[in-house]
Amino acid sequence: MDAKAEGLYTELRNTRQEILERLMEGNSSALIKPILLEELHDIEQTLSKIESGSFGKCEISGELLPADLLQVIPTLKTMEDCSRLGKFYRKSIFH
């Protein structure tokens with residue numbers, strides 16, 4: 001594991017710990033708890049991918065996911081996820 005992946009791995013482990021602590025406190029809103037659980041699941045999958053060496057590859061096609069998007073959202077899974085983000089962040093030319 002290179003230094004960049006190791007930094008990401010550490011950051012994800014810290015985030016996982018924070019989410020677990022938040023869930024253990026038991027005072028999370030019923031609306032937030034499913035979101036925290038989903039994020040926890042995504043983080044655990046990403047940690048497994050880093051450990052197995054498959055991090056950064058599309059789960060469907062095997063293509064490499066854009067590195068710039070992975071830096072922002074390391075839990076991305078597919079090229080389709082990347083396409084949806086591109087549409088979401090696109091600025092409208094009409095105001």
In Å and rounded to the nearest 0.5 Å, what is the [atom1] to [atom2] distance from [X] to [Y]?
X: Ile35; Y: Leu40; atom1: CD1; atom2: CG; result: 13.5 Å
X: Thr10; Y: Ile50; atom1: OG1; atom2: CD1; result: 9.0 Å
X: Met79; Y: Leu69; atom1: CE; atom2: CG; result: 9.0 Å
X: Leu36; Y: Glu18; atom1: CG; atom2: CD; result: 11.0 Å
X: Leu8; Y: Arg13; atom1: CG; atom2: CZ; result: 12.5 Å
X: Ile43; Y: Ile19; atom1: CD1; atom2: CD1; result: 4.0 Å

Using the test side-chain hydrogen bond (donor to acceptor under 3.5 Å, both in side chains), find all partners of [X] that sit at least two apart in sequence or belong to another chain.
X: Ser48; value: none
X: Glu21; value: Gln17
X: Glu39; value: none
X: Glu44; value: none

Inset, instruction - Return yes when atom CZ of Arg16 has more than 12 non-hydrogen atoms of other residues, nucleotides or ligands closer than 6.0 Å, and no otherwise. - result: yes
Legend entry - More than 12 heavy atoms from other groups under 6.0 Å of CD on Glu11: no
Sequence-distant partners of [X], side-chain contact (heavy atoms from CB on, under 4.5 Å), two or more places apart:
X: Asp2; value: Lys4, Ala5
X: Leu31; value: Ser29
X: Leu64; value: Lys57
X: Leu70; value: Phe55, Leu65, Leu76

Inset, instruction - Return the set of residues passing salt bridge (Lys or Arg N to Asp or Glu O under 4.0 Å) with Lys77 (not counting sequence neighbours), or none when no residue passes. - result: Asp42
Inset, instruction - Sequence neighbours left out, what passes salt bridge (Lys or Arg N to Asp or Glu O under 4.0 Å) with Glu38? Give chain and number order. - result: none
Inset, instruction - Using atom types as modelled and distance alone, determine if a side-chain donor or acceptor of Asp81 lies under 3.5 Å from a backbone N or O of Thr78. - result: yes
Inset, instruction - Taking all heavy atoms of Ser54 and all of Ser52, pick out the closest pair and write down the distance. - result: OG-OG, 3.0 Å
Legend entry - Selection residues 59-74 - residue pairs positive for salt bridge (Lys or Arg N to Asp or Glu O under 4.0 Å), sequence neighbours left out: Lys49-Glu59
Inset, instruction - Is it possible for you to say whether Leu12 and Val72 belong to one hydrophobic cluster, with membership spreading through side-chain heavy-atom contacts below 4.5 Å? - result: yes
